[in-house]
Amino acid sequence: MTEHPLVRMTGIGKRFGGVHACRDIDLTVRAGEVHALLGENGAGKSTLINILSGVITEYDGTIELDGRPVSFAGPSDAQRAGIATIHQELDLVAGLSIAENMFLGREPRTRVGTVDLRRMRRQATDHLRTLGADLEPRRLVGSLRVGEQQLVEIGRALSLNARVLIMDEPTAALADAEVERLFATIAELRRAGVGIVYISHRMAEIEVVADRVTVLRNGGVAGSVDPKTASRDDIIQLMVGRSVDALYGEGRNEPGDVLLDVRGLAVAPRRPTPGRTEPAGVDLTVRSGEIVGLAGLMGAGRTELLETLFGAGGSGRRAGQVTFDGRPYRPHGPRSALARGVAFVPEDRRGAGLMLEHSVSDNVVLSALSTLSRLGLVRRQAVKRTVAGQLSALAVKAASPVVATATLSGGNQQKVVFAKQLLTRPRLLLLDEPTRGVDIGAKAEIYRLLHQLADTGMAILLASSELPELLSICDRVVVLHRGHTVAALPRASATQQAILAAANGADAKEAR
Ligand SMILES: Nc1ncnc2c1ncn2[C@@H]1O[C@H](COP(=O)(O)OP(=O)(O)OP(=O)(O)O)[C@@H](O)[C@H]1O
Ligand SMILES: [Mg+2]
């Protein structure tokens, strides 16, 4: 008798109109292995796992589970067969609690048939603890930060006790400590014989976690490699079909005058939101032409600071002084921030005003309409040119600029958010995890673009959980801890250790 792999996908094909998202793909997943799926934005990774998880039901080819052919009528059908999926785009219900989201449609019941709320909350808490997340299960998901939502989504998948676990960029919004916890959990699952499909754009993670690597390119399998023997360059070459040199640009212009000056900024919100860390004593400056990084652990208040600077934080009493271009700066809302020349690319692209059902073109030009319209009339040629220019500058992969944004792969949607903000020609660009979900080639493009923008005098303030990213593109790194500035490290003295020490070191001080 031959041993069957847990999952065998054979000859998988899928077209969306003219786009061949998957072509003749073979993929197996064995019990107790982590099979990593790599590829550029739009290569077909999410489409392939959407087929395996029952989200897409029309496709070519066959799927076998334990050697038996299966076809799923929908996601819950796949779940019943033992396949749990953490999707790239978080699909949680904002108006429901953490526990409700985790057990939606399969709530534990009491003997009389009502939902057993206590058991549900206890189980939710247990699953979250496994991941190192200490979240009150009654909190509404809408009040959580993106990283926390991601943990809830992972917790939900764990609670299914599946035999096959599919993870589509599970760490995109997680900080280093959470990633470590997740990897520990993955190691346990692997020992328990769970087969794991793992998608990520972070090469360092793949090297740590993967037993096997399959690379997709343009919807087909470009090759499979053993991550223990293959070099990073080999893998990248398979992904992009060429070698990517210099991921990070070199040679920068000298920064100019101070554009943004923040002193002792603190916000006391009228109604505090649990889980938010408002600025509680932030000092920082950003010069024109300078790229300043914001580092800190999850919950350090990076996102909240950026939101405050964009006028998108909550209202409340405010202390400290903020000036922009030498004048007092206190935006009442995003509009007044944009009017002063401050733009913001938020972490959560769905909440970022991306209208998914509208065309890519509409989304890109939306915030620049005033520049592009003359006497209230939008100049169609100008729009077309601008959109085309912006899409090619960022290497956005879309069938055409008029397709619905929802049809773009996750990473390409992220680039559209980026393109849209750049069109407002800001003087200060605020970025929250700008390369989240973006593939390695496009990352290089974005870094190059940031350097170009800085060289034209744009000031850039960038929050990232990827330390290598901060270290290599920033002129200075400001470290936050619980809403306070705890360090501002110039490029020369900014090392991974120095940043981590600052991010954690404040803890030690407070404990004393
Ligand atoms: N519902 C859809 N309608 C039309 N085209 C689609 C749809 N879903 C995916 N596509 C297209 O199929 C191709 C593969 O997309 P997919 O989402 O699988 O890429 P991916 O490898 O997951 O990329 P990323 O790393 O950016 O998440 C892309 O060209 C995408 O635009
Ligand atoms: Mg994807």
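Checking Asp432 against Thr303 by side-chain atom types alone, a donor-acceptor pair falls below 3.5 Å. Counting only N and O atoms by type, the side chains of Asp234 and Ser231 include a donor and acceptor under 3.5 Å apart.
The side-chain contact (heavy atoms from CB on, under 4.5 Å) check on Ser224 picks up Thr214, with sequence neighbours excluded. Residues forming a ring pair (Phe, Tyr, Trp, His ring centres under 6.0 Å) with Tyr59 (at least two apart in sequence, or on another chain): none. Residues that satisfy the salt bridge (Lys or Arg N to Asp or Glu O under 4.0 Å) test with Arg122, not counting sequence neighbours, are absent from this structure. The ring pair (Phe, Tyr, Trp, His ring centres under 6.0 Å) search around Tyr198 returns none, not counting sequence neighbours. A search for side-chain contact (heavy atoms from CB on, under 4.5 Å) contacts involving Ala488 returns Arg476, Val478, not counting sequence neighbours. Listed by chain and number, the residues in a side chain to side chain donor-acceptor pair (under 3.5 Å) with Gln452 amount to none (sequence neighbours excluded). Annotation: side-chain contact (heavy atoms from CB on, under 4.5 Å) contacts of Ser97 (sequence neighbours excluded): Ala99, Glu100. Under the side-chain contact (heavy atoms from CB on, under 4.5 Å) criterion, Ala395 pairs with Lys415, not counting sequence neighbours.
The backbone N or O of Ile12 sits nowhere less than 3.5 Å from a side-chain atom of Asp60 that would complete a donor-acceptor pair. Checked by atom type and distance alone, the side chain of Gln150 pairs as donor or acceptor with a backbone atom of Pro170 at under 3.5 Å. His35 places a side-chain N or O within donor-acceptor distance of the main-chain N or O of Thr28, the cut-off being under 3.5 Å. Judged by distance alone, the side chain of Lys45 and the main-chain N or O of Leu37 form no donor-acceptor pair under 3.5 Å. Without hydrogens or angle criteria, Asn41 side chain to Gly437 main chain gives a donor-acceptor distance under 3.5 Å. Of the possible donor and acceptor atoms, one in the side chain of Thr495 sits under 3.5 Å from a partner among the backbone N and O of Ala498. Side-chain atoms of Ser493 do not come within 3.5 Å of backbone N or O of Leu489 as any donor-acceptor pair. Proximity of a side-chain donor or acceptor of Arg491 to a complementary backbone N or O of Ser472 within less than 3.5 Å is detected. Of the possible donor and acceptor atoms, none in the side chain of Glu347 sits under 3.5 Å from a partner among the backbone N and O of Gly147. Of the possible donor and acceptor atoms, none in the side chain of Gln496 sits under 3.5 Å from a partner among the backbone N and O of Pro468.
The minimum heavy-atom distance linking Ile196 with Val29 is given by the pair N-CG1, 3.9 Å. Residues Arg302 and Ala295 come closest through the heavy atom pair CD-C, 3.7 Å. Of all heavy-atom pairs between Gly293 and Leu470, the closest is CA-CD2, 3.7 Å.
Listed by first and then second residue, the salt bridge (charged side-chain N to carboxylate O under 4.0 Å, His left out) pairs involving residues 195-216 are Glu33-Arg212, Arg190-Asp211, Arg202-Glu205, Arg202-Glu466, Glu207-Arg232 (not counting sequence neighbours). Listed by first and then second residue, the salt bridge (charged side-chain N to carboxylate O under 4.0 Å, His left out) pairs involving residues 6-23 amount to none (not counting sequence neighbours). The salt bridge (charged side-chain N to carboxylate O under 4.0 Å, His left out) contacts involving residues 149-162 comprise Asp91-Arg156, Glu153-Arg156, where partners must be two or more places apart or lie in separate chains.
Rounding to the nearest 0.5 Å places CZ of Arg139 at 13.0 Å from CG of Asn101. For the atom pair His484 NE2 and Thr277 OG1, the distance stands at 10.0 Å (nearest 0.5 Å). Atom CG of Leu52 is separated from atom CD1 of Ile83 by 4.5 Å, given to the nearest 0.5 angstrom. Distance CG/Leu216 to CD1/Ile25: 4.5 Å, rounded to 0.5 Å. For the atom pair Leu160 CG and Gln79 CD, the distance stands at 4.5 Å (nearest 0.5 Å).
Here the side chains of Asn412 and Val360 are not in contact, with every heavy-atom distance at 4.5 Å or above. Considering only heavy atoms from C-beta on, Gln413 comes within 4.5 Å of Leu356 through its side chain. The shortest side-chain heavy-atom distance between Glu40 and Val240 falls under the 4.5 Å cut-off. Inter-residue side-chain proximity for Glu188 and Arg191 is flagged as met; some heavy-atom pair is nearer than 4.5 Å. With a 4.5 Å cut-off on side-chain heavy atoms, Met9 and Leu48 count as touching.
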Taking only distance into account, with no hydrogens and no angle test, what donor-acceptor pairs under 3.5 Å do side-chain atoms of residues 62-75 form with protein atoms, sequence neighbours excluded?
from	atom 1	to	atom 2	distance (Å)
Asp66	OD1	Arg163	NH2	3.2
Asp66	OD2	Arg163	NH1	2.9
Asp66	OD2	Arg163	NH2	3.1

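Within 6.0 Å of atom CZ in Arg129, 12 or fewer heavy atoms from other residues, nucleotides or ligands are found, so the atom counts as exposed in its surroundings.
Leu462 pairs with exactly one of Leu450, Val477, Leu294 by the side chain to side chain contact (heavy atoms under 4.5 Å, CB included) rule, that one being Leu450.
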Applying side chain to side chain contact (heavy atoms under 4.5 Å, CB included), run through Thr405 and Met355 and close with a yes or a no.
-> CA-CA 7 Å; Thr405 307; Met355 303 175 300; over 6 Å; no
Tell me, with the steps shown, if Arg145 and Glu148 meet salt bridge (charged side-chain N to carboxylate O under 4.0 Å, His left out).
-> CA-CA 5 Å; Arg145 276 172 285 111; Glu148 292 168 332; 2.9 Å; yes
